[in-house]
A.B. asks: 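Submitted below is the structure of interest, expressed as structure tokens.
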Amino acid sequence: MPPLPQPDHRSTNPVIPGFHPDPSVCRVGDDYYVACSSFEYFPGIPLFHSRDLVHWTQIGNALDRPEQLRLPVSMSSSGGIYAPTLRHHDGRFWLIVTNCSEGGGNLLVTAADPAGPWSDPIWAPGVPGIDPDLVWDEDGTCWCTVAGGSQVRIDPSTGQTYGTPHRVWSGGPGAKAPEAPHLYRIGDYWYLLIAEGGTERGHAVSIARGRTPAGPFEPCPANPVLTHRGTDRPVQNTGHADLVQGPDGSWWMVLLGVRPGGGTPGWHVLGRETFLAPVTWVDDWPVVGEVALDLPELPWPLSPGPVEEQRDDFDLAELRPSWISLRDRTAEHCTTKERPGWLTLRARGGSLDEPDVVFTGRRQQHLTCRARTLTDPSQGRGGLAVRLDEQHHYAIEASGTEVRVIARVGPLRTVVAARSVPAGPVVLAVTITEPPPHGPCTGPDAVSLGIERPDGTFTELAALDGRYLSTEVAGGFTGRVIGMYAAEGSVHFDWFDYEPVEG
């Protein structure tokens with residue numbers, strides 16, 4: 001659900017909430033497009049459209065066919081699709097990205113319309129490393145720069161590279177993880193923007209400039225131009241940025257950040273989200289403004305897009321683009337056509353602990369929210385889960401006339417609660433709320449799992465500490481996904497709804 005304008009006509013950050021990291025932005029006329037990383041989920045690379053840089057609507061996924069994206073079961077969570085760059089050149093959209101799985105590498109896809117269809121992958125085996133960037137110079141030569149500061153000429157239509165990759169600039173001396181390069185021609189200079197310091201609390205953005213796309217590059221004397229490390233600001237881990245001009249010609253930066261909650265050290269549970277910050281230019285260097293939860297009033301009209309419907313009744317032949325599945329999505333295991341108006345999941349893996357479990361969900365996008373689904377487990381076993389990875393998830397599972405709450409935290413898996421229910425469909429529910437502040441050991445939120453009676457009464461079976469479904473505990477690069485799964489037989493879901501809960 002996109003952010004809503006505030007009463008004083010301000011809008012809120014993050015502009016794309018929830019697990020939407022590594023944003024790359026592209027402007028075409030009056031339209032803006034953003035692509036984000038997707039890691040182990042299919043379809044890959046969510047794509048968003050906006051007219052005002054604030055309100056974003058998902059229009060599709062770039063890698064939405066099996067021939068475009070193969071994520072093997074052997075691949076661990078937080079593998080897969082890393083850090084796309086989205087650009088528009090010569091009337092087409094170009095997207096380059098790294099598939100960090102066995103048999104993967106750097107690949108390009110193109111489209112006339114960013115809503116799709118996108119082409120089959122064009123592989124670029126001569127591009128080393130991850131986080132590839134594309135830019136064209138005045139002569140039409142295309143340059144690809146990757147994490148670590150290496151650069152090579154490339155023909156993006158074939159993936160063929162020319163010459164040996166050479167080092168151009170890799171950030172501050174000794175800086176950790178120089179990555180996410182983006183190269184631009186702005187005014188008299190070529191600017192190379194990178195992230196450094198790692199994508200955790202030390203994350204930062206630095207920049208250098210040169211007279212040619214291949215350098216040599218002079219670092220900005222004020223580097224890093226953006227970082228929140230060592231501060232008490234509500235947005236942390238700021239980095240992995242991309243520059244774009246607003247409708248009035250002003251400059252802006254999209255970047256990732258997180259919103260930690262609870263006590264020490266602070267736990268972020270939604271993953272890395274997409275934020276917006278203003279940029280001004282002083283002596284031909286960018287100066288980045290505050291990455292605030294309230295954006296400054298914009299000097300152009302806001303253009304709110306359609307608000308995503310709270311409930312999905314699964315009446316369409318295909319799932320909405322916001323639905324994501326683990327590693328693949330085959331009609332054999334996930335379909336809305338077997339029972340009209342229902343989503344049917346057919347089991348493969350035996351539990352959420354297994355990498356091949358059949359799971360389809362949506363990103364948690366609000367710090368407090370509620371999700372519910374009407375589940376028919378008469379032909380199998382499955383339910384509703386809050387997932388971070390195979391070793392960190394909470395679920396309420398239905399089978400026959402029993403529902404039970406299962407918690408997996410690291411090597412420990414336990415049935416926390418169980419209850420008998422009448423045979424037939426049952427409404428499973430999860431409510432996530434922020435606990436009142438108690439002290440340095442308080443977790444970021446509480447996850448309540450239970451069932452809903454026909455009269456709408458929620459019966460809680462268990463309330464669990466949300467810190468164990470956070471990146472600070474589990475590690476990795478993703479965020480929470482709330483959705484449905486099948487662990488045995490076939491499980492049918494009549495509807496699913498998700499709504500923010502006012503604190």
A.B. asks: I'd like to know if Arg65 and Asp120 make a salt bridge, using a cut-off of under 4.0 Å between side-chain N and carboxylate O.
C.D. replies: yes
A.B. asks: Can you see whether Thr368 engages Thr433 through a side-chain donor-acceptor pair at a distance of less than 3.5 angstrom?
C.D. replies: no
A.B. asks: Grab the two heavy atoms, one from Leu352 and one from Ala395, that are nearest each other, plus how far apart they are.
C.D. replies: CD1-CB, 3.7 Å
A.B. asks: State, yes or no, whether a side-chain contact exists between Val491 and Thr375 at a heavy-atom distance under 4.5 Å.
C.D. replies: yes
A.B. asks: Closest approach of Gly361 and Val481, non-hydrogen atoms and distance?
C.D. replies: C-CG1, 3.7 Å
A.B. asks: Decide whether Ser77 and Glu40 meet the rule of one side-chain donor and one side-chain acceptor closer than 3.5 Å.
C.D. replies: yes
A.B. asks: Does a salt bridge link Arg339 with Asp376, judged by any charged N lying under 4.0 Å from a carboxylate O?
C.D. replies: yes
A.B. asks: We want to know whether Ser448 and Glu460 form a side-chain donor-acceptor pair, criterion being a heavy-atom distance below 3.5 angstrom.
C.D. replies: yes
A.B. asks: Assess, by modelled atom type and distance only, whether the side chains of Glu308 and Thr57 contain a donor and an acceptor separated by less than 3.5 Å.
C.D. replies: no
A.B. asks: Decide if atom CD of Gln379 counts as having more than 12 heavy atoms of other residues, nucleotides or ligands within a radius under 6.0 Å.
C.D. replies: yes
A.B. asks: Check whether the side chains of Ser37 and Asp22 place a donor and an acceptor atom closer than 3.5 Å, and report yes or no.
C.D. replies: yes
A.B. asks: Determine yes or no for a side-chain-to-main-chain donor-acceptor pair under 3.5 angstrom, with Ser24 supplying the side chain and Ala35 the backbone.
C.D. replies: no
A.B. asks: What distance do Asn106 atom CG and Thr98 atom OG1 have between them, rounded to the nearest 0.5 Å?
C.D. replies: 3.5 Å
A.B. asks: Give me the atom names and distance for the closest heavy-atom approach of Tyr82 to Ile130.
C.D. replies: CD2-CD1, 4.3 Å
A.B. asks: Identify whether the distance between the nearest side-chain nitrogen and carboxylate oxygen of Glu200 and Arg272 falls below 4.0 Å.
C.D. replies: no
A.B. asks: Carefully, step by step, assess Arg70 and Glu102 under the rule salt bridge (Lys or Arg N to Asp or Glu O under 4.0 Å).
C.D. replies: CA-CA 9 Å; Arg70 299 190 184 278; Glu102 183 180 353; over 6 Å; no
A.B. asks: Sort out for me which residue in Val205, Leu243, Leu276, Leu226 forms a side chain to side chain contact (heavy atoms under 4.5 Å, CB included) with Leu255.
C.D. replies: Leu226
A.B. asks: Using the side-chain contact (heavy atoms from CB on, under 4.5 Å) rule, take Leu461 and Leu449 through it: C-alpha gap first, then chi angles, then the decisive distance, then the call.
C.D. replies: CA-CA 6 Å; Leu461 300 187; Leu449 302 99; 5.8 Å; no
A.B. asks: Looking at Thr401 and Ala423, would you say the former's side chain and the latter's main chain have a donor-acceptor pair under 3.5 Å?
C.D. replies: no
A.B. asks: Side chains of Asp294 and Thr12, heavy atoms from C-beta outward: is any pair under 4.5 Å?
C.D. replies: yes
A.B. asks: Walk me through it: do Phe493 and Leu384 pass the test side-chain contact (heavy atoms from CB on, under 4.5 Å)?
C.D. replies: CA-CA 10 Å; Phe493 302 89; Leu384 179 65; over 6 Å; no
A.B. asks: To the nearest 0.5 Å, what is the distance between CG on Leu428 and CD1 on Ile451?
C.D. replies: 8.5 Å
A.B. asks: Residues two or more places apart in sequence or in another chain: which of them pass side chain to side chain donor-acceptor pair (under 3.5 Å) with Arg467?
C.D. replies: Asp465
A.B. asks: The test is side-chain contact (heavy atoms from CB on, under 4.5 Å); show your working for Val235 and Asn13 and say whether it passes.
C.D. replies: CA-CA 9 Å; Val235 182; Asn13 258 324; 5.9 Å; no
A.B. asks: So, Arg408 and Glu397, do they make that salt bridge, N to O below 4.0 Å?
C.D. replies: no
A.B. asks: So how far is it from Ile482 CD1 to Arg362 CZ, rounded to the nearest 0.5 Å?
C.D. replies: 7.5 Å
A.B. asks: Look only at the side chain of Asp313 and the backbone of Asp315, and say whether a donor-acceptor pair between them is shorter than 3.5 Å.
C.D. replies: no
A.B. asks: Checking side chain to side chain donor-acceptor pair (under 3.5 Å) between Tyr498 and each of Gln364, Arg311, His366, which is the one that passes?
C.D. replies: His366
A.B. asks: Check whether any side-chain N or O of Asp389 sits under 3.5 Å from a backbone N or O of Gln391 as a donor-acceptor pair, and report yes or no.
C.D. replies: yes
A.B. asks: Would Asp133 and His182 count as having a side-chain donor-acceptor pair, cut-off 3.5 Å?
C.D. replies: yes
A.B. asks: So which heavy atom on Pro444 is nearest to which on Val269, and how close?
C.D. replies: CG-CG1, 3.9 Å
A.B. asks: Does a side-chain heavy-atom distance below 4.5 Å link Glu338 with Arg346?
C.D. replies: yes
A.B. asks: Could you tell me the separation between the CG atom of Leu108 and the CH2 atom of Trp118, rounded to the nearest 0.5 Å?
C.D. replies: 10.5 Å
A.B. asks: Would Asp328 and Thr330 count as having a side-chain donor-acceptor pair, cut-off 3.5 Å?
C.D. replies: no
A.B. asks: Heavy-atom distance under 4.5 Å between the side chains of Ile16 and Pro23, does that happen here?
C.D. replies: no
A.B. asks: So which of Arg480, Glu472, Glu273, Arg259 actually passes side chain to side chain donor-acceptor pair (under 3.5 Å) with His268?
C.D. replies: Glu472
A.B. asks: Any sub-3.5 Å donor-acceptor pair from Gln58's side-chain atoms to Pro321's backbone N or O?
C.D. replies: yes
A.B. asks: Where is the tightest heavy-atom contact between Arg201 and Arg229, given as atom of each residue plus distance?
C.D. replies: O-CB, 3.1 Å
A.B. asks: Is any side-chain heavy atom of Trp267 closer than 4.5 Å to one of Pro265?
C.D. replies: yes
A.B. asks: Could you check whether any side-chain heavy atom of Thr414 comes within less than 4.5 Å of a side-chain heavy atom of Leu412, counting everything from C-beta outward?
C.D. replies: no
A.B. asks: Could you tell me if Thr238 and His203 have a donor-acceptor pair between their side chains, going purely by distance under 3.5 Å?
C.D. replies: no
A.B. asks: Nearest 0.5 Å, please: how far is OG in Ser303 from CG in Asp31?
C.D. replies: 10.0 Å
A.B. asks: Can you tell me how far the CZ atom of Arg363 sits from the OG1 atom of Thr478, to the nearest 0.5 Å?
C.D. replies: 10.0 Å
A.B. asks: For the pair Leu295 and Val15, evaluate side-chain contact (heavy atoms from CB on, under 4.5 Å) and give the outcome as yes or no after the intermediate values.
C.D. replies: CA-CA 9 Å; Leu295 287 165; Val15 291; 4.0 Å; yes
A.B. asks: Tell me whether Arg327 contacts the main-chain N or O of Pro355 through its side chain, where contact means a donor paired with an acceptor under 3.5 Å.
C.D. replies: yes
A.B. asks: Using modelled atom types and a 3.5 Å cut-off, is there a donor and acceptor pairing between side-chain atoms of Thr373 and backbone atoms of Trp495?
C.D. replies: yes
A.B. asks: Taking the side chain from Arg381 and the backbone from Gly489, do they hold a donor-acceptor pair closer than 3.5 Å?
C.D. replies: no
A.B. asks: Considering residues, nucleotides and ligands other than Glu67, do more than 12 of their heavy atoms fall under 6.0 Å from its CD?
C.D. replies: yes
A.B. asks: Is the closest side-chain heavy-atom distance between Thr274 and Cys36 below 4.5 Å?
C.D. replies: yes
A.B. asks: Using atom types as modelled and distance alone, determine if a side-chain donor or acceptor of Asp242 lies under 3.5 Å from a backbone N or O of Val25.
C.D. replies: yes
A.B. asks: What pairs with Phe314 under ring pair (Phe, Tyr, Trp, His ring centres under 6.0 Å), at least two apart in sequence or on another chain?
C.D. replies: Trp323
A.B. asks: Checking ring-ring contact (aromatic ring centres under 6.0 Å, His included) against His20, which of Phe39, Phe477, Trp56, Phe48 comes through?
C.D. replies: Phe48
A.B. asks: If you look at every heavy atom in Ile396 and Gly450, which pair is closest and at what distance?
C.D. replies: CD1-O, 3.0 Å
A.B. asks: Quick one: are His228 and Val291 in side-chain contact, heavy atoms under 4.5 Å?
C.D. replies: yes
A.B. asks: Is atom CZ of Arg419 surrounded by more than 12 heavy atoms (other residues, nucleotides or ligands) closer than 6.0 Å?
C.D. replies: no
